> 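What follows is a single structure, and I will ask about it in a moment.
On a predicted model such as this, the values are computed, not experimentally measured, just so you know. Atoms within each ligand, like the ligands themselves, are counted from 1 in listed order.
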Amino acid sequence: MCGIVGYIGGQSAYPIIINGLKRLEYRGYDSAGIALYNGKSTSVYKKYGKVSDLENSVAGLDTNGCLGIGHTRWATHGEPNDKNAHPHMSMHGKFVIVHNGIIENYNNLKKRLTTRGYTFKSETDSEVLADLIEYIYELSPISPDDAVQLALRKVQGAYGIVVMCTDHPDRLIAARKSSPLVIGIGDKEYFIGSDASPFVEYTDQVVYLDNDQIAVISREGLNIKSINNAVVTPEIKKVDIDFDEIEKGGFSHFMLKEIYEQPRSITDTMRGRVLSEVDKITLGGLIDVMPRLMNARRIIIVGCGTSWHAGLMGEYLFEEYARIPVEVEYASEFRYRNPIINQEDVVIAISQSGETADTLAAIQLAKKCGACVLGICNVVGSSIARETDAGVYTHAGVEIGVASTKAFTAQVSVLAMMALMIGRAKYNIKSADYHQLIRELMSIPEKIEHILKSADHIKEIAEKYKDSSNALYLGRGCYYPVALEGALKLKEISYIHAEGYPAAEMKHGPIALIDDKMPVIVIATKDKGYEKIVNNIQEVKARKGIVIAVITEGDTTIAAMADHVIEVPAVENAVGAMITVVPLQLLSYYIAIMRGCNVDQPRNLAKSVTVE
Ligand code: F6R
């Protein structure tokens, strides 16, 4: 949430920062701003709207300078407008700040600064922090770095900040607590980003700033210390982002590109891990914790949104194959009750971004209770990846569309691999079945490739229901999370109200909603619950409901009952169930496009929810 970019070096900072902000726009896009030092003075430009609106508004103005910071915002304190946009300049003009996160005690700090004569131009917590730094700086002769450090000691909450000091325009000061910041290292130049995407074309050498660390960055070098003054030796890592991953590559939207990337992203997630020639699954990241996993009394899966849906698929897979009881928890709820966790529990955190604040807090709680904590993350080096005891990366590649698509199928692929690996190691799965399950896993990319060929047919269905106000998604067993995910995709990008339900629950309430206008999307492939789901479809039809059924190729029974069908290749067991989400992703995408919605940047949302 909120994207931050900074640059110091020999190049013109403006294009680097503007292009960087465009790449980070998935993190927030209600306003944007930039501060530049042109060798004599510092200019701050801010604009309500997208980065392109900012760009238009500064056309013709002075954008010179080799040092600057930029921000694209997802509002927390204060409505989205020009004055609440970042960067924020302190009252006496000494400090300019960009901030991602929430300063929880900002009201208190604001009151105290007010009694000392400070007035505020915006409603943000971030401006208060800029003023606090300035207030401390002006009290006694100290360096701007020390002022930032002292101010941060007074702050409660989460922050990723980059600060410019107008008295010392030879440096940038960056600090983080619970909001990510990455420093890119070039030749006498440094880049800062909320992730590495803003600067991948300039350098692949990065330092991930850790919690409670402050970096002072000048053209001559990078110095990092802890908030308590301990010197930190920067650990330089190589970041591996392919430039093509952050471009649309001929697709009209990132979301569509990412839907189409799924055969590749699932293949990449399984590469080197599923060895079909020898019927073996090896997840290198879990080798050391295998004994704990095999002896786990219980697995608790935590996540939010789509990652939580993947967790529900995981529950089904672990219970079916590994025979370990599973609980799936919303990270945001888990952390605020008093959950009973002990040392025999394994907690698995699922997160695309690896930065979701609630998920991060949930794993910190689980660690405190002595559980073994594992991560399934997409972003390498992310906070969750670093905080967990062990884990598995989903190699889905950079996901930019705010609605998660390829990350979901990659997460479920990892969960399927884990469940099968543990199940086999515990002798719950017979050799012949294991062979068959591995075949099923390996066939997923090809099956998705096949489903993607139905895009035009799905588009025709979308055209018919694009003006609906409501939609119901139904599924049974491992298809229930698919129904939830289908409903989430539709509501978040098309703003149509949609609900996912276990099909059999329909008669306990939602059946009252059925009429001849609301589409009911049923995942009804030939599987364990097939006969039952046929009954559920009949119940909908008996009430003149409209049924769009996702069915197994060649199923004439449901085809004769449903108003529309979308055929998918046969899935023989839970391992391949995730393929049924793909037509639902496409359906949501086309409906949203036809309604004129911005699918990559839906209203009010942002990717990487780093606030609670
Ligand atoms: C839905 C979506 C969100 C995220 C959720 C968790 O399409 O993108 O619901 O799934 O915010 O994010 P991560 O997986 O990054 O923890």
Side-chain angles (χ1 to χ4, degrees), residues 1-3 24 26-29 74 178-180 194-195 253-256 258-259 262 265 301-314 328-335 348-363 374-388 391-394 396-412 414-415 473 481-482 484-495 498 500 581-582 584-589 592 597-612:
M1 267 178 176
C2 299
L24 288 182
Y26 69 88
R27 301 178 70 91
Y29 33 80
W74 185 86
S178 304
S179 290
S194 297
D195 65 39
H253 297 93
F254 280 111
M255 181 180 176
L256 190 62
E258 287 157 8
I259 292 173
Q262 290 177 105
S265 55
I301 303 180
V302 292
C304 301
T306 291
S307 295
W308 182 78
H309 296 159
L312 292 177
M313 298 282 281
V328 187
E329 301 261 6
Y330 282 117
S332 53
E333 290 296 315
F334 180 76
R335 58 176 295 201
I348 304 177
I350 307 180
S351 174
Q352 186 286 128
S353 61
E355 300 294 347
T356 300
D358 285 320
T359 311
L360 196 53
I363 63 175
L374 310 179
I376 298 178
C377 296
N378 195 37
V379 178
V380 176
S382 55
S383 302
I384 294 175
R386 284 183 290 143
E387 286 251 355
T388 40
V392 183
Y393 281 117
T394 49
V398 180
E399 190 179 67
I400 292 177
V402 164
S404 189
T405 52
K406 64 176 179 171
F408 174 76
T409 46
Q411 288 164 346
V412 180
V414 168
L415 290 161
Y473 285 71
V482 175
L484 288 175
E485 178 58 9
L488 178 63
K489 287 294 86 96
L490 187 70
K491 65 187 141 193
E492 69 184 332
I493 60 169
S494 74
Y495 320 136
V581 80
V582 176
L584 306 187
Q585 296 169 341
L586 284 171
L587 186 66
S588 305
Y589 171 80
C597 302
N598 183 343
V599 293
D600 281 340
Q601 294 173 351
R603 72 179 177 212
N604 303 338
L605 290 175
K607 217 166 175 69
S608 196
V609 185
T610 52
V611 295
E612 294 172 10

> Among protein heavy atoms, which sits nearest to atom 12 (O) of ligand 1, and what does the distance come to when rounded to 0.1 Å?
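Looking only at protein heavy atoms, the one closest to atom 12 (O) of ligand 1 is Thr356 OG1, 3.5 Å.
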> Rounded to the nearest 0.5 Å, how far apart are CD1 of Ile400 and NZ of Lys406?
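Output value for this atom pair is 8.0 Å.
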> Would Val402 count as a polar contact of ligand 1, with the cut-off being nitrogen or oxygen pairs under 3.5 Å?
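Yes.
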> Write out the residue and atom name of the closest protein heavy atom to atom 11 (O) of ligand 1, then the distance separating them to 0.1 Å.
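For atom 11 (O) of ligand 1, the nearest protein heavy atom is Val609 CG2, 3.9 Å.
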> Give the atom numbers and elements of ligand 1 that come within less than 4.0 Å of a heavy atom of Ser307.
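So the atoms of ligand 1 that pass are 10 (O), 13 (P), 14 (O).
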> Report the nearest protein non-hydrogen atom to atom 7 (O) of ligand 1: residue, atom name, distance rounded to 0.1 Å.
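Atom 7 (O) of ligand 1 sits closest to the protein heavy atom Glu492 OE2, 2.5 Å.
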> Heavy-atom distances under 4.0 Å decide this one: backbone, side chain, both or neither, for Glu355 against ligand 1?
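No part of Glu355 is near ligand 1 at this cut-off.
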> Is it the case that the side chain of Tyr393 and the backbone of Gly381 share a donor-acceptor pair, with hydrogens and angles ignored and the cut-off at 3.5 Å?
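Side chain of Tyr393 to backbone of Gly381: a pair is present.
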> Check the side chains of Gln352 and Ser307 for a donor-acceptor pair under 3.5 angstrom, ignoring hydrogens and angles.
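No, no side-chain donor-acceptor pair sits under 3.5 Å.
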> For Ser353, take its heavy atoms, then give the atoms of ligand 1 lying under 4.0 Å from any of them.
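So the answer, numbered in order with elements, is 13 (P), 15 (O), 16 (O).
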> Please check this pair: side chain of Asn378 against backbone of Val398, looking for a donor-acceptor N/O pair closer than 3.5 Å.
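Absent.
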> Can you name the atoms of ligand 1, numbered from 1 with element, that are less than 4.0 Å from a heavy atom of Ser351?
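Heavy-atom distances to Ser351 below 4.0 Å select 13 (P), 14 (O), 15 (O), 16 (O).
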> Given Leu605, Thr306, Ile376, which has its nearest heavy atom closest to atom 2 (C) of ligand 1?
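Result: the heavy atom closest to atom 2 (C) of ligand 1 is in Thr306.
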> Kindly indicate, with the supporting measurements, whether the criterion side-chain hydrogen bond (donor to acceptor under 3.5 Å, both in side chains) is fulfilled by Glu399 and Ser404.
CA-CA 7 Å; Glu399 190 179 67; Ser404 189; 2.9 Å; yes
> Classify the ring geometry between His253 and Tyr589 as parallel (under 30°), tilted (30 to 60°) or perpendicular (over 60°).
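His253 and Tyr589: perpendicular rings.
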> Hey, which atoms in ligand 1 end up nearer than 4.0 Å to a heavy atom of Ala403?
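Close to Ala403: 7 (O).
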> Can you name the one residue among Lys489, Gln411, Glu492 that meets side chain to side chain donor-acceptor pair (under 3.5 Å) with Thr306?
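Result: among Lys489, Gln411, Glu492, Lys489 is the only option passing the side chain to side chain donor-acceptor pair (under 3.5 Å) with Thr306.
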> Say whether Gln411, considering both its backbone and side-chain N or O atoms, lies within less than 3.5 Å of an N or O atom on ligand 1.
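Such a contact does not occur with ligand 1.
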> Considering non-hydrogen atoms only, spot the tightest contact between Ser588 and Leu490 and give its length.
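For Ser588 and Leu490, the tightest heavy-atom pair comes out as OG-N, 3.3 Å.
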> Under the 3.5 angstrom rule, does the side chain of Tyr29 hit a backbone N or O of Arg603 as a donor-acceptor pair?
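Absent.
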> Please determine whether any non-hydrogen atom of Lys489 lies less than 4.0 Å from an atom of ligand 1.
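For ligand 1, residue contact (heavy atoms, under 4.0 Å) with Lys489 is present.
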> Got an N/O contact under 3.5 Å between Thr359 and ligand 1?
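N/O-N/O distance below 3.5 Å does not exist for this pair.
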> Atom 6 (C) of ligand 1: which of Gly303, Ser404, Cys304 has the nearest heavy atom?
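Checking each option, the heavy atom nearest atom 6 (C) of ligand 1 is found in Cys304.
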> Drop me the distance from Gln262's CD to Phe408's CZ, to the nearest 0.5 angstrom.
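Reported value, rounded in 0.5 Å steps: 9.5 Å.
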> Heavy-atom contacts with Gly305 under 4.0 Å: which atoms of ligand 1 show up? List them by number with element.
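Near Gly305, the atoms of ligand 1 are 9 (O), 10 (O).
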